[in-house]
Asker: 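Once you've had a glance at the structure underneath, I'll fire off some questions.
Each chain gets a letter, A, B and so on, in the order its sequence line appears, and its residues count up from 1.
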Amino acid sequence: MSHDQRISAYRDRFDNHIVQERVAKVDALREAGTSPFANGFEVSHTAAQVYAEAGSMTAEELAERAIPVTVAGRLRLFRQMGKAAFLKLADRTCREGLKGAPSDDNFLQVFVSLGSVGQELFDRLLTFDLGDILGVRGTLMRTKTGELSVAATEIIMLTKSIRPLPDKFKGLSDVEQRYRMRYVDLVMNDEVREVFYKRTRIVSAIRSFLDRRDYLEVETPMMHATPGGAAARPFATHHNALNMQLFMRIAPELYLKRLLVGGMERVYEINRNFRNEGLSRKHNPEFTMLEFYQAYATWEDMMHLTEEMLCEVAATIHTPNEAGEIRFIAEEQEVSFARPWRRLRMSEGVAEALGVDEAQLDDLDFLREAARKAGADVARLDKGKMLVELFERRVEHTLIQPTFVVDFPASASPLARRKESNPELVDRFELYVLGRELANAFSELNDPEDQYGRFAAQLEAKAGGDDEAMPMDEDYVRALEYGMPPAAGEGIGIDRLVMLLTDSASIRDVILFPHMRPE
RNA sequence: GGGCCGUUAGCUCAGCUGGUAGAGCAGUGGACUUUUAAUCCAUUGGUCGCGAGUUCAAAUCUCGCACGGCCCA
């Protein structure tokens, strides 16, 4: 097949007249000797720079100075009125609040008049379509209604867009299309772009916070021979050359703690985890996790660090009030980050929710019956796991304000250090906000014998049918045998943190390309 | 996995108890030299998600499937 035949086959796939008209313009541009897909363009000003430089100048000042600018962006609005025309361009700085009155569309306006650009360029204007990416040279001016604009002297086609953009006013609102074609969603929806700018700010603030505390950012394997560090089912894959099974990681924990053994006393990683579970508003198969570990620290140090970090991070999104407190609305509720955050023992919370005395939770029969009534499959649960089930089903969703849930059962925490006052419990907390788990932290188990025993207990649970139980990781135990300093570590779900701080209802609203079934 | 809802023009949506599809925006042609979702006149555009069934007749009723949303597990 020749190149022309392939192109023709490509074009035959479109039966939409708008696309066909635009494709004809591509041909016309080529015939006229201009490329519809230009090779670079040197820009002197972004839209924001135009406003920063000349936003306060009067029409007379602008006319006198004749400030030359070269701008570029996507054509979003086009109004032609006889021998004059207005174009509105969007570039990366065209975001909410770029400018104020008279028009508040956040675009940069370009003014073209036949008298100043001549017939050739003015005729060429008529071949432009909404969505095209244009380069404009001109000088700054203010229109009759006072809008700062670029008076064009030259307009260059940089990229011809052959598909029409959605309705200029209603935009793209179909949720499925927004996720599948995020590139269109990002063009059309300011709020969507804003969420992802905020996401980047949040992650930068976390890095900055940890970097200032002498934490080292590292990268550990995404493909594990032994999937560990969390209770979850992994995605399996296969290495052809080595002919071996590999798993996409469910957590980086065991590798980061190996680094503690190696003397990297403060490490963190912000990267993807993969869990082979269902999709929901709160779950995407791949999601981003921050994990950090600090030698010589305890779980209580982690609580303080968490309050400090999340307040600092939240302050980049929500301005603190006069008292220095951060309060914001999410899911129609006011969330207060005012410190200190509440601490709640797990059994205390469960007893309260059940309306019983905490001592009653020691009664195994009572616990089993309560868990069964709550809808848990109690068949192969031990006492600790039943308590966790009751917590998840009866308490979790009630924890709206930041709450550290403490005193987790050891059987549900195979990598955490036992409490000195009660070896049935571990030095661990989970942070809940808006009824969702946001962070999980504990003092690390560094006793290789206990760790081996806990892995062995996990193997027994797996044999008993618990498919989320962890496998034995012999090399990790070997690492502990060399000596891991006392340490504490924590994981924070980045997607959920972004959801909280941007008041996004679905994890798909904070992941650029969420997982979708094939079309 | 279960329940409910949705899928109609490029986009946003109408379309009643069945009678073979409409609007706004976008597009096309025309008027207009300072517009702000510009305006005005004219106009093109549809495998009604896919597949069966009922019927003289299906976007509409029934069943199945696909994709998505919400809720539950």
Asker: May I ask you to check whether over 12 heavy atoms, not counting those of A:His3, lie within 6.0 Å of atom NE2?
Answerer: no
Asker: Do A:Arg124 and A:Thr34 pair up side chain to side chain, a donor and an acceptor below 3.5 Å, judged on atom types alone?
Answerer: no
Asker: Between the base of B:U36 and the side chain of A:Lys88, is there a donor and acceptor pair under 3.5 angstrom?
Answerer: yes
Asker: Suppose you measure atom C1' in B:C67 against the same atom in B:G27; what distance do you get, rounded to whole Å?
Answerer: 29 Å
Asker: Distance check, P atoms only: B:C61 and B:U17, in whole angstrom units.
Answerer: 8 Å
Asker: Roughly how many Å is it from NZ in A:Lys25 to P in B:A26, rounded to a whole number?
Answerer: 14 Å
Asker: Grab the CG-C1' distance between A:Leu108 and B:U35 for me, whole Å please.
Answerer: 15 Å
Asker: Does A:Gln80 have a side-chain nitrogen or oxygen under 4.0 Å from the phosphate oxygens OP1 or OP2 of B:C32?
Answerer: no
Asker: I want to confirm an ordering. Mapping A:Met181 and A:Leu114 to their closest nucleotides on RNA chain B, which one lands closer to the 5' end?
Answerer: A:Met181
Asker: Could you check A:Gln177 against A:Ala84 and say which one's nearest nucleotide on RNA chain B is further toward the 5' end?
Answerer: A:Gln177
Asker: Of the residues in residues 12-22 of chain A, which ones touch RNA chain B at a heavy-atom distance under 4.0 Å?
Answerer: A:Asn16, A:His17, A:Ile18, A:Glu21
Asker: One thing to verify: whether A:Glu424 and A:Lys383 come together as a salt bridge, which I'm taking to mean a side-chain N less than 4.0 angstrom from a carboxylate O.
Answerer: no
Asker: If every non-hydrogen atom of A:Leu165 is compared with every non-hydrogen atom of A:Gly131, which pair is closest and at what distance?
Answerer: CD1-CA, 3.7 Å
Asker: Could you measure between the two P atoms, the one in B:A14 and the one in B:U28, and give it in whole Å?
Answerer: 28 Å
Asker: Output one line per pair: protein atom, nucleotide atom from nucleotides 68-73 of chain B, and distance, for all N/O pairs under 3.5 Å.
Answerer:
residue, atom, partner, partner atom, Å
B:G68, OP1, A:Arg517, N, 3.0
B:G68, OP2, A:Arg517, NH1, 3.0
B:G68, O4', A:Glu176, OE1, 2.9
B:G69, OP1, A:Arg508, NH1, 2.5
B:C71, OP2, A:Arg281, NE, 3.3

Asker: Quantified in whole Å, what is the C1' atom distance between nucleotide B:G45 and nucleotide B:U60?
Answerer: 23 Å
Asker: Shorter than 3.5 Å, N or O on both sides, protein versus nucleotides 21-23 of chain B: list them out with atom names.
Answerer:
none

Asker: Quick one: side chains of residues 510-519 of chain A, donor-acceptor pairs under 3.5 Å with protein atoms, not counting sequence neighbours, listed by atom name and distance.
Answerer:
none

Asker: Residues two or more places apart in sequence or in another chain: which of them pass ring pair (Phe, Tyr, Trp, His ring centres under 6.0 Å) with A:His17?
Answerer: none
Asker: Give the C-alpha distance, both sets of side-chain angles, the deciding distance and a yes or no for ring pair (Phe, Tyr, Trp, His ring centres under 6.0 Å) between A:Phe404 and A:Phe429.
Answerer: CA-CA 6 Å; A:Phe404 290 115; A:Phe429 70 81; 4.9 Å; yes
Asker: Relative to each other, are the rings of A:Phe328 and A:Phe337 parallel, tilted or perpendicular (30° and 60° limits)?
Answerer: perpendicular
Asker: I need the CD-C1' distance between A:Gln109 and B:U35, as an integer number of Å.
Answerer: 7 Å
Asker: Can you name the residues that form a side chain to side chain contact (heavy atoms under 4.5 Å, CB included) with A:Arg178, not counting sequence neighbours?
Answerer: A:Leu172, A:Arg182, A:Asp185, A:Asn189, A:Val192, A:Asp509
Asker: Write down the distance between CG (A:Leu125) and C1' (B:C32), rounded to a whole number of angstrom.
Answerer: 15 Å
Asker: For RNA chain B, find the residues of residues 161-168 of chain A with a heavy-atom distance under 4.0 Å and give them by number; none if there aren't any.
Answerer: A:Pro164, A:Pro166, A:Asp167, A:Lys168
Asker: What is the minimum heavy-atom distance between A:Arg281 and A:Met499, and which atoms define it?
Answerer: O-CE, 3.9 Å
Asker: Testing the 3.5 Å rule here: is there a donor-acceptor pair between the side chains of A:Asn106 and A:Arg95?
Answerer: no
Asker: What's the gap between B:U39 and B:C32 when it is taken at their C1' atoms, as a whole Å value?
Answerer: 9 Å
Asker: Mind checking A:Gly171 for me? I need base, sugar-phosphate or nothing, with any heavy atom below 4.0 Å counting as a touch.
Answerer: sugar-phosphate
Asker: Tell me, what's RNA chain B's dot-bracket, Watson-Crick or G-U with both distances under 3.5 Å, | for other-strand, [ ] crossing?
Answerer: (((((((..((((.....[..)))).(((((.......))))).....(((((..]....)))))))))))).
Asker: Distance between the C1' atoms of B:U62 and B:G18, in whole angstroms?
Answerer: 13 Å
Asker: When you check the phosphate oxygens OP1 and OP2 of B:U12, does a side-chain N or O of A:Ser173 lie under 4.0 Å from one of them?
Answerer: yes
Asker: Not counting sequence neighbours, list each pair that qualifies as a ring pair (Phe, Tyr, Trp, His ring centres under 6.0 Å) and has a residue in residues 161-192 of chain A.
Answerer: none
Asker: What is the distance from CE of A:Met141 to C1' of B:U35, rounded to the nearest Å?
Answerer: 11 Å
Asker: Write out all pairs satisfying salt bridge (charged side-chain N to carboxylate O under 4.0 Å, His left out) with one or both partners inside residues 25-34 of chain A, taking only residues at least two apart or from two chains.
Answerer: A:Arg11-A:Asp27, A:Lys25-A:Asp129
Asker: Assign A:Lys170 to base, sugar-phosphate, or nothing according to its heavy-atom contacts below 4.0 angstrom with the strands shown.
Answerer: sugar-phosphate
Asker: Look at atom CD of A:Glu42 and say whether more than 12 heavy atoms of other residues, nucleotides or ligands are closer to it than 6.0 Å.
Answerer: no
Asker: With sequence neighbours left out, what residues match A:Arg65 under side chain to side chain contact (heavy atoms under 4.5 Å, CB included)?
Answerer: A:Met57, A:Glu61, A:Ile67
Asker: Tell me: CG of A:Asp105 to P of B:U36, nearest whole Å?
Answerer: 12 Å
Asker: Could A:Lys282 and A:Asp495 be called an ion pair, given the rule that one side-chain N must be under 4.0 Å from one carboxylate O?
Answerer: no
Asker: Take atom P in B:C16 and the same atom in B:G49, then report the distance between them in whole Å.
Answerer: 14 Å
Asker: If you take atom types as modelled and just measure distance, does the side chain of A:Glu147 reach the base of B:U35 with a donor-acceptor pair under 3.5 Å?
Answerer: no
Asker: Sequence neighbours excluded, which residues qualify as side chain to side chain contact (heavy atoms under 4.5 Å, CB included) partners of A:Glu60?
Answerer: A:Thr58
Asker: Which value, in whole Å, describes the distance between the C1' atoms of nucleotides B:C50 and B:U7?
Answerer: 11 Å
Asker: Could you state the CG-C1' distance from A:Leu130 to B:U28, rounded to the nearest angstrom?
Answerer: 14 Å
Asker: Within 45 degrees of the axis of the six-membered ring of A:Phe408 and under 6.0 Å from its centre: does A:Arg428 put its NZ or CZ there?
Answerer: yes
Asker: Could you state the CE-P distance from A:Met81 to B:A37, rounded to the nearest angstrom?
Answerer: 13 Å
